[in-house]
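Read the structure below first, then the notes.
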Number of protein chains: 2
Amino acid sequence: MATIKDVAGAAGVSVATVSRVLNDNGYVHEETRTRVMAAMEKLNYYPNEVARSLYKRESRLIGLLLPDITNPFFPQLARGAEDELNREGYRLIFGNSDEELNKELEYLQTFKQNHVAGIIAATNYPHLEEYSGIDQPVVFLDRTPEGAPSVSSDGHTGGKLAAEAIVHRSKHITLLKGPAHLPTAQDRFHGALEVLQQADVDFQIIETASFSFKDAQALAKELFAIYPETDGIIASNDIQAAAVLHEALRRGKKVPEDIQIIGYDDIPQSELLFPPLSTIKQPAYDMGKEAAKLLLSIIKKQPLAETAIQMPVMYIRRNTTRKEEKDA
Amino acid sequence: MATIKDVAGAAGVSVATVSRVLNDNGYVHEETRTRVMAAMEKLNYYPNEVARSLYKRESRLIGLLLPDITNPFFPQLARGAEDELNREGYRLIFGNSDEELNKELEYLQTFKQNHVAGIIAATNYPHLEEYSGIDQPVVFLDRTPEGAPSVSSDGHTGGKLAAEAIVHRSKHITLLKGPAHLPTAQDRFHGALEVLQQADVDFQIIETASFSFKDAQALAKELFAIYPETDGIIASNDIQAAAVLHEALRRGKKVPEDIQIIGYDDIPQSELLFPPLSTIKQPAYDMGKEAAKLLLSIIKKQPLAETAIQMPVMYIRRNTTRKEEKDA
DNA sequence: TTGAAAGCGATACCAG
DNA sequence: CTGGTATCGCTTTCAA
């Protein structure tokens, strides 16, 4: 692998000059420039990023920490971030935490040791001192610790929208309360709860331990066993909604005639369920993108208008909810 | 950020000694070791990976190139690779190519410039000279160029299994031929074709341009319009199968009574369709894992038993295929 | 058992 | 406009 020295030798100039043409700064005579370029071409030279990063004490890498890329909500966040970051020549060091503290800490450590230019983290532990005592800028995704730069979506409104979507046409509503340790899930929950409490409906709450399909399946069976009269279900994410939908159909219920179901997230697969799932859309791709933009401006030390970005959510009516009649 | 020099200073030794305790090699007196360790502790020191990589001309990073993490098949590959690699302390630089040559080349370039220890690539262009003229070891995933280390699954057998799963109980089979430029899709196709040709059934082939849900939706509509008598469909992946299933149900067909459908891949969402999708499982997570293992042994220059690993596929019977009667 | 010093491959300052 | 050189933080001889 050719180094800057080789190029310098081949072009009959000093490494300083090569560096100048490489970075296009400082003066360099047109003729020597072409000579250097020719040498680079001939030697098939490309600069060693590692050496560069060492000198600059900063790499062109960004750390991206996600709970689990296997959960369909996250790939979109990742793509949004990646696409935006690439435009500025940054690349991703990527890691899944599985929401385990020690994995998260290990990745943070990796990010620091590799002197990433910045970090985007979807974490349950934004208040870790490991985050505050960090040299690199951090943008939190899907979590909004006071004062820190973050991108999230409006879970409270989302929860309300979900409840409103079915509250007028269901009599016995079941509200699935997502994992207690996830603030985002709790925002949705409280939003929905607010609407249900103000409406004149019978409703019950079921606690759910996780977002996984396995757990959701068990939960769905339990749900119908305990509350057979349920005719409206507000799930805390789409996977859960799919499991419930599944179980409802298996029991011969008609959806949305007998029972309405609304999910949350709008993962790509929701459209592909049958019937297509009505849900609350979080703009995942755009959230990733915004997080990247925000991080980029912090890296470039640009003045920021807002540092806690909240993205809007949207009710996507598909076929697991009935068309709402004009409100009385 | 403390450097090795600071530690050396604090411990009253040379950087060489610190380096020795850091890497646990060479002789170092027990007492000085503890002194050094104490200093590291006190200064909250951690080694700079960038400097290390520069000297060693190799980082602890592995390049992972995937077509699109947004496609549910790939996150599992990624996780399999990540989990295995982490066990040895390697991390991932991750990139999506979107099957675009120039994006792929850019990522390859990034991998080289960052002196990754190795590369795992799910690519359509394994024969690029950029791959052969590369210093780092490369393992191809989901593609098997002659002679190069690779991990894939047995698409031909998979295709046969798919066809066999429905051939005896459907009379008018539609075989969806996946994207022509994807060898894996073509393997499946030919496997299935072989079975159909040998069986006494009426069948037709439909070309499909992509694996995307959008395209698959259009294709599904077309399919039923052109071949309304179809009672068995072999899709070239699960997304496609889902779209077809969707359309079948929309048209009031009963699945699997009126029409059998079989997918390919066994993405996590397949189980969550209604009815749950019968499909051919590719062990994606394990494929990622095997690719990582293979790469690791190449990096460590261990002798390899086999360099082109082929993983088995499996028929997963769920509810879009009918139980097969004992063959006559 | 330890330290001094020469790299690793770039960047940037200072002279000329 | 160009070159020499210190520097980034670490690893690894080579001597002592």
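Below, chains carry the letters A, B, ... as their sequence lines are ordered, and counting in each starts from 1.
Contacts between chain A and DNA chain C, taken as any atom within less than 4.0 angstrom of a protein heavy atom, begin and end at C:dG9 to C:dC13.
The phosphate of D:dC1 (OP1 or OP2) has no side-chain N or O of A:T17 nearer than 4.0 angstrom.
Rounding to the nearest 0.5 angstrom, the gap separating the OG atom in B:S97 from the CG atom in B:L65 is 5.0 Å.
Contacts of B:S132 classified as side-chain hydrogen bond (donor to acceptor under 3.5 Å, both in side chains), with partners at least two apart in sequence or in another chain: none. In this view, A:D24 and A:R33 satisfy the salt bridge (charged side-chain N to carboxylate O under 4.0 Å, His left out) rule, not counting sequence neighbours. Legend: residues meeting ring-ring contact (aromatic ring centres under 6.0 Å, His included) with B:F111, ordered by chain and number and at least two apart, are absent. For A:Y45, the ring-ring contact (aromatic ring centres under 6.0 Å, His included) test picks out no residue, with sequence neighbours left out. Listed by chain and number, the residues in a side-chain contact (heavy atoms from CB on, under 4.5 Å) with B:K42 amount to none (sequence neighbours excluded).
Pairs engaging residues 86-106 of chain B under the ring pair (Phe, Tyr, Trp, His ring centres under 6.0 Å) rule: A:F94-B:F94 [sequence neighbours left out]. The stretch residues 119-147 of chain A participates, sequence neighbours left out, in these ring pair (Phe, Tyr, Trp, His ring centres under 6.0 Å) pairs: A:Y131-A:F140. Screening residues 2-11 of chain A for salt bridge (charged side-chain N to carboxylate O under 4.0 Å, His left out), with sequence neighbours left out, gives no hits.
Axis deviation across the helix from C:dT1-D:dA16 to C:dG16-D:dC1 amounts to 50°, comparing end segments of five pairs, rounded to 10 degrees.
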Problem set entry | Base versus backbone protein contacts along nucleotides 7-16 of chain D [heavy-atom cut-off under 4.0 Å; B, S, -] | BBBSBBB---

Quiz: residues 74-89 of chain B side-chain donor-acceptor pairs under 3.5 angstrom, not counting sequence neighbours:
residue	atom	partner	partner atom	Å
B:R79	NH1	A:D68	OD1	2.9
B:R79	NH1	A:D98	OD1	2.9
B:R79	NH2	A:D98	OD1	3.4
B:R79	NH2	A:D98	OD2	2.8
B:R79	NH2	B:D83	OD1	3.2
B:E82	OE2	A:N96	N	2.9
B:E82	OE2	A:Y107	OH	2.5
B:D83	OD2	B:Y285	OH	2.5
B:E84	OE1	B:R87	NH1	3.4
B:E84	OE2	B:R87	NH1	3.2
B:N86	OD1	A:Y107	OH	3.4
B:N86	ND2	A:Y107	OH	2.9
B:E88	OE2	B:K300	NZ	3.4

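Counting any heavy atom pair closer than 4.0 Å across all strands shown, A:T32 reaches sugar-phosphate atoms only and no base atom.
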